[in-house]
Amino acid sequence: ETGVTQSPTHLIKTRGQQVTLRCSSQSGHNTVSWYQQALGQGPQFIFQYYREEENGRGNFPPRFSGLQFPNYSSELNVNALELDDSALYLCASSLGQGEHQPQHFGDGTRLSIL
Amino acid sequence: GQQLNQSPQSMFIQEGEDVSMNCTSSSIFNTWLWYKQEPGEGPVLLIALYKAGELTSNGRLTAQFGITRKDSFLNISASIPSDVGIYFCAGQPVTGGGNKLTFGTGTQLKVEL
């Protein structure tokens with residue numbers, strides 16, 4: 001139990017729709033990172049938020065966007081959903097963004113696009 | 001996106017056997033981590049390595065940070081049924097990476113009773 005909670009656990013959407021996923025970080029953790037995990041693959045880094053500012057982005061298009069709130073919780077928004085967006089979306093929190101701050105993951109949101 | 005190369009991709013072992021898996025990269029990493037993921041759950045941190053050559057243990061698990069900073073291995077001794085799952089290595093890049101992670105392709109471990 002990492003203390004990182006994500007909602008919803010499962011979600012079904014259709015192509016072209018928009019979706020918002022939510023994450024509550026572990027108590028005291030001010031850094032949240034989002035990852036996309038396709039079936040049979042390792043997680044891929046989407047972006048990271050540190051103290052409400054985006055702090056690095058992976059190779060994902062602008063229709064993937066996010067927010068971090070003053071309580072350090074975070075949202076991932078995806079617009080114009082495509083079939084390839086079907087994946088497990090993982091949130092991870094850490095005590096800072098430094099190299100010696102390991103990330104702890106939630107159990108993810110399983111997003112299915114029809 | 002980039003993924004680290006893990007081998008083997010999957011393995012069946014007998015309960016009580018020792019297990020070894022490794023992870024390689026074409027790039028240098030500052031930190032190596034090993035995670036385990038079970039069905040329906042997120043990855044759980046097993047071991048973190050912060051220095052080239054470092055050897056760290058966590059119970060029956062031992063991991064090493066390669067001297068070249070381009071590889072790492074994980075050993076599990078005396079495997080038990082609850083070791084079943086997918087093991088991922090993850091590295092933190094050297095340049096401007098902070099603690100953002102690049103993951104491996106995973107090693108699926110199955111234990112025969």
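Letters go in sequence order (proteins before strands), and every chain restarts at 1. Everything numeric here is computed off the predicted structure, so don't read it as measured data.
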Close approach to chain A in residues 34-51 of chain B, criterion heavy atom under 4.5 Å:
B/Tyr35, B/Gln37, B/Gly40, B/Glu41, B/Gly42, B/Pro43, B/Leu45, B/Tyr50
Taking every non-hydrogen pair under 4.5 Å, which of A/Tyr50, A/Phe60, A/Phe45 racks up the most with chain B?
A/Phe45
Taking CD in B/Glu17 as the centre, count heavy atoms belonging to other residues, nucleotides or ligands within less than 6.0 Å. Is the count above 12?
yes
Measuring from atom CD of B/Gln92 to atom NE2 of A/His100, what distance do you get when rounded to the nearest 0.5 angstrom?
8.0 Å
Decide yes or no for B/Leu101 and A/Pro43: does some side-chain heavy atom of the first lie under 4.5 Å from some side-chain heavy atom of the second?
no
Would one find more than 12 heavy atoms of other residues, nucleotides or ligands at under 6.0 Å from atom CD of B/Gln14?
yes
What about A/Tyr49 and A/Leu21, same hydrophobic cluster or not, with Ile/Leu/Val/Met/Phe/Trp/Tyr joined at side-chain heavy-atom distances under 4.5 Å?
yes
Ordered numerically, the heavy-atom neighbours of chain B under 4.5 Å found in residues 25-35 of chain A are A/Tyr35
Can you get from A/Leu67 to A/Phe47 by hopping between Ile, Leu, Val, Met, Phe, Trp and Tyr side chains that sit under 4.5 Å apart?
no
Indicate, with yes or no, if A/Tyr72 and A/Leu95 share a hydrophobic cluster defined by side-chain heavy-atom contacts under 4.5 Å among Ile, Leu, Val, Met, Phe, Trp and Tyr.
no
For the side chain of B/Lys100 and the backbone of A/Ile46, is there at least one donor-acceptor N/O pair under 3.5 Å apart?
no
Could you check whether atom CZ of B/Arg60 has more than 12 heavy atoms from other residues, nucleotides or ligands sitting under 6.0 Å from it?
yes
For chain B, which of A/Leu90, A/Leu88, A/Asp107, A/Thr9 has the most heavy-atom pairs under 4.5 Å?
A/Asp107
Are A/Leu83 and A/Leu11 joined in one hydrophobic group, where the rule is that I, L, V, M, F, W and Y side chains link up if heavy atoms are under 4.5 Å apart?
yes
Is A/Gln37 close to chain B through its backbone or its side chain, or both, or neither, when contacts mean heavy atoms under 4.5 Å?
side chain
Taking atom CG of B/Leu55 as the centre, report whether more than 12 heavy atoms of other residues, nucleotides or ligands fall under 6.0 Å from it.
yes
